[in-house]
Amino acid sequence: MLDPKLIKEKPQVIRDMLKARAVDFDLDALIESDQKRRGFILKTDELRKKKNQVALEISQKKKAGEDASSILSEMKTVSSELSKLESEQESVEKTYSKLALTIPNLVHESVPIGVDENANKEIKKWGEIPSFDFKINDHIDISENLDLVDLERAAKVAGARFYYLKNDLVRLNQSLIHYGLDFLAKKEYSLVQPPYMINHESMEGAVIADDFEEVIYKIEDEDLYMIGTSEHAMAAMRAKEILEGKELPLRYAGVSPCFRKEAGAHGRDQKGIFRVHQFDKIEQFVFTRPEDSWKEHEKMLAVAEEFYQNLEISHRVMLLSSGDMGKVSAKTYDIEAWMAGQNAYREIVSCSNCLDYQARRLKIRFRDKTNEDTQYLHTLNSTLIATTRVMVSIMENFQTKDGHIRIPSVLQSYMGNQKEI
RNA sequence: GCCGAGAUAGCCAAGUAGUACGGCGGCCGUCUCGAAAACGGCUACGCGCAAGCGUGCGGGGGUUCGAAUCCCUCUCUCGGCGCCA
């Protein structure tokens, strides 16, 4: 959600944003319904004032033992007028909030303008692209040869884009999570394992309506949705709270499985475990003062970069273009890891500053002193590790001539000093 | 799942139909070299430059001229019983 004052006072800023994102949005309808809404607030408030006055009069007359029947009928009229006005107001509010909840976030000035990923900007590169003196396999062949993944039976049991992890890949998955948590704990993140299902109100705080259809699974007959990432549950964790300024920034490491419909991804990355309905992830989630959020954004990116350097995974950092970014983010960096089997860099991390957009939806505010006005804080999120994608990169980049996989040295102690799969 | 008791502001808490009692904590001020104590003000949210007005007693609905208060319903918490990894 955007600041209604900004929409009212500087609509051109919003129009520029919509153009940069190449998003169709009826801004005039939003502005009009906001005006209508404000008008109704004034009208109903005025009528309520009258109602309160009459109620007071009645109470005084009754206490004095006087006859109040003539004012009683006046009260009746005021009450019925009010309830009529209130129901009109309700429908205006509904229209307004529906629009207000679908307008995308602002775009930061440093974001390259463009319609899709072709306008993304490479910021930096780390590590050599691995070269091989033998014919290499992709992660699907490797995992089949070493009996690490069973896709066929997963398809039988659950459907496409599911998998059974097997043997040492199960251990590698656990090692990555364990190492990732230790890594963030050392940097003084609070570790959190959130609910894997959350209610509609919470989900709506973190996610835009369209994404509900495209990515989020709903539990039948329950007000529950499977989280697409722990970001959803982490953002909602502090909903409707007023935090103390001195608590900020709050840095959380959320660890959870993630569940995604992948509804719009027909045919893309169809085989293997690169794009799946379920995977484990550690997420960085930060609540911060507005003035610190850009600094925190760079910091989160740096944390993720360090992590992949430690894992010896060659990667590059991309600054996403206005058209490629998610709607809740004002600026997003992706880290793309080299995947030798695909001979390409592929996304493994997405690091976003959402400004006060989620905080407004979730009503998360802070203040330094008790009688100060409250302020919306800023939220940021970044992947630390989505295990399946990193395992693809490890399998493909670290494959050996004799068909095995070298385990990155930082992970070996987590795997009983095993050096190879 | 069943039975019982609850949910009021940051915390505690009074209030069984007629303007939300009071306490603690916090913030600001007076006093002081400074602090403590004492005293005064402020301390949920919305609209408004402000004066002010409105909303708010777990959520939703109903009864009533009028609901924190009566009724229905849902959620959550606590206690007891049952079931369960």
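Labels below follow one simple rule: chain letters A, B, ... track the order of the sequence lines, proteins then strands, and each chain is numbered from 1.
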Is there a side-chain contact between A:Arg38 and the phosphate of B:rG48, meaning an N or O under 4.0 Å from OP1 or OP2?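 Yes, A:Arg38 has a side-chain N/O under 4.0 Å of OP1/OP2 on B:rG48.
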
Less than 4.0 angstrom between a side-chain N/O of A:Asn52 and OP1 or OP2 of B:rG54, yes or no?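 So the side chain of A:Asn52 is within the cut-off, an N or O lying under 4.0 Å from OP1 or OP2 of B:rG54.
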
Rounded to the Å, how far apart are A:Ile242 CD1 and B:rU43 P?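 In whole Å, B:rU43 P and A:Ile242 CD1 are 13 Å from each other.
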
Rounding to an integer number of Å, can you tell me how far A:Ile41 CD1 sits from B:rG54 C1'?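 For the pair A:Ile41 CD1 and B:rG54 C1', the rounded distance is 10 Å.
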
Can you check the distance between [N] and [M], where both ends of the measurement are the [atom1] atom (answer in whole Å)?
{"N": "B:rA7", "M": "B:rU19", "atom1": "C1'", "answer": "24 Å"}
{"N": "B:rU32", "M": "B:rA50", "atom1": "P", "answer": "35 Å"}
{"N": "B:rG58", "M": "B:rC47", "atom1": "P", "answer": "24 Å"}
{"N": "B:rG10", "M": "B:rG26", "atom1": "C1'", "answer": "8 Å"}
{"N": "B:rC76", "M": "B:rG22", "atom1": "P", "answer": "35 Å"}
{"N": "B:rC24", "M": "B:rG41", "atom1": "P", "answer": "14 Å"}
{"N": "B:rG62", "M": "B:rA51", "atom1": "P", "answer": "36 Å"}

Does A:Ser321 use its side chain to pair, donor to acceptor, with the backbone of A:Ile113 at less than 3.5 Å?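 No, A:Ser321 side chain to A:Ile113 backbone: no donor-acceptor pair under 3.5 Å.
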
Any carboxylate oxygen within less than 4.0 angstrom of a Lys/Arg side-chain nitrogen, looking at A:Glu88 and A:Lys36?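 Salt bridge: no.
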
Please pick, from B:rC45, B:rC53, B:rG18, the nucleotide with the shortest atom-to-atom distance to any side-chain atom of A:Ser59.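 Nearest to the side chain of A:Ser59 among the choices is B:rG18.
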
Between A:Thr44 and A:Gln89, which heavy-atom pair has the shortest distance, and what is it?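 Heavy atoms of A:Thr44 and A:Gln89 come nearest at CG2-OE1, 3.3 Å.
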
Tell me the partner of B:rC83, counting only Watson-Crick (N1-N3 plus N6-O4 or O6-N4) or G-U wobble (N1-O2 and O6-N3) with both under 3.5 Å; none if nothing fits.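 Pairing partner: none.
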
